[in-house]
2 protein chains.
Amino acid sequence: MSATISTDLIRGHTDTVILNILRQGDSYGYEIYKRILQLSGNRYELKEATLYTAFRRLEKDGDITSYWGDETQGGRRKYYRITAQGQEHYAQNVRDWDFAKDILETLIKGGIGDDQD
Amino acid sequence: MSATISTDLIRGHTDTVILNILRQGDSYGYEIYKRILQLSGNRYELKEATLYTAFRRLEKDGDITSYWGDETQGGRRKYYRITAQGQEHYAQNVRDWDFAKDILETLIKGGIGDDQD
DNA sequence: CCCAATTACCTTGACAGACACAGTAATGTT
DNA sequence: AACATTACTGTGTCTGTCAAGGTAATTGGG
């Protein structure tokens with residue numbers, strides 16, 4: 001892996017990243033893990049512990065549901081599906097991110113004369 | 001305050017925000033607190049506990065130094081000054097943010113056909 | 001002149017998200 | 001047979017943020 005993203009820069013975005021992948025169709029843990037690596041060009045690895053912790057959280061909150069795949073042979077797979085509520089939360093999270101991004105830019109790079117409102 | 005930024009979206013950026021303000025000149029806690037409110041257009045309030053925690057961390061790490069103001073009368077003020085190392089860390093943090101931002105955009109909004117590398 | 005608001009600093013304890021580490025179990029490859 | 005890979009799970013730890021609490025001086029309004 002080349003340069004990587006620090007933990008704290010991704011923090012709080014994990015759920016949104018997972019919901020975004022599930023918007024494109026049901027998937028399971030290991031596939032999502034691989035997909036995130038691929039989408040980030042090997043620059044961000046969402047650790048498995050973090051991923052499965054997020055699944056519990058999202059399912060408890062009603063943003064996703066899960067079901068076991070019917071692989072009669074081969075490793076069992078637990079599939080996750082985004083719910084209508086999850087779709088709404090995803091959309092809200094994206095709005096929050098777009099909103100926060102601009103303010104962060106100002107706070108991080110802004111200086112004299114950049115006052116708001 | 002109108003809409004606000006969630007804690008987790010700002011997490012990990014606190015030090016960078018403080019360093020950015022100190023790049024523009026020495027300052028003290030309460031002034032920095034107010035400045036962040038102002039720069040964000042009242043959309044983000046860095047809590048005092050967080051601010052003073054960050055001062056300890058930054059000073060311990062050598063990114064800032066502190067000295068008491070010489071207000072002979074009036075409330076004492078503890079001023080903070082960014083060090084050369086702090087300047088370097090600030091620059092690196094900004095690079096990290098620019099880098100992470102693009103990847104985050106992809107992970108949050110990207111879909112099929114957005115593969116990297 | 002008193003009282004409330006503001007300025008200014010600080011500490012402690014708790015919480016939540018991310019992850020290191022450890023484990024289980026099946027399949028595929030050599 | 002041995003090893004890598006796929007696939008899922010639990011436990012305990014670390015770190016940044018913040019709620020809640022505290023101290024003390026100054027300023028402005030009634």
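Worth saying up front: this structure is predicted, and the values here are computed from it rather than measured. Here is how names work: the chains are called A, B, and so on, in the same order as the sequence lines, proteins then strands, and each is numbered from 1.
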Just how far, in rounded Å, is P of C/dT24 from CD of A/E48? 16 Å
Identify whether the distance between the nearest side-chain nitrogen and carboxylate oxygen of B/D63 and B/R81 falls below 4.0 Å. no
Interatomic distance where CG belongs to A/L46 and P belongs to C/dA18 [whole Å]: 8 Å
Interatomic distance, B/L58 CG vs D/dT17 P [rounded to whole Å]: 10 Å
Rounded to the nearest 0.5 Å, the OG1 atom of B/T16 sits from the CD1 atom of A/I108 at a distance of 5.5 Å
Which part of the nucleic acid, if any, lies within reach of B/T14 when heavy atoms closer than 4.0 Å are counted: base, sugar-phosphate only, or nothing? sugar-phosphate
Between A/Y80 and A/R11, who's closer to the 5' end of DNA chain D by nearest nucleotide? A/Y80
Using OP1 and OP2 only, check whether a side-chain N or O of A/R77 sits under 4.0 Å from D/dA7. yes
Kindly compute the distance separating CZ (B/F55) from OH (B/Y80), expressed to the nearest 0.5 Å. 5.0 Å
May I have the distance from A/L51 (atom CG) to D/dC8 (atom P), rounded to whole angstrom? 9 Å
C/dC19, OP1 or OP2 - any side-chain N/O from A/Y44 closer than 4.0 Å? yes
Verify the contact: side-chain N or O of A/Y30 to OP1 or OP2 of D/dT6, cut-off strictly under 4.0 Å; return yes or no. yes
Would you mind classifying the nucleic acid contact of A/T50 as base, sugar-phosphate or nothing, using non-hydrogen atoms under 4.0 angstrom? base
Spacing between B/Y33 atom OH and D/dT17 atom C1', to the nearest angstrom: 14 Å
Say you draw a straight line from OH of B/Y28 to OH of B/Y33; how long is it, rounded to the nearest 0.5 Å? 13.5 Å
From CH2 of A/W68 across to C1' of C/dA26 the rounded distance in Å is 12 Å
Take atom OH of A/Y28 and atom P of C/dA26, then tell me their distance rounded to the nearest Å. 18 Å
A/K47 NZ - D/dC14 P separation (whole Å): 17 Å
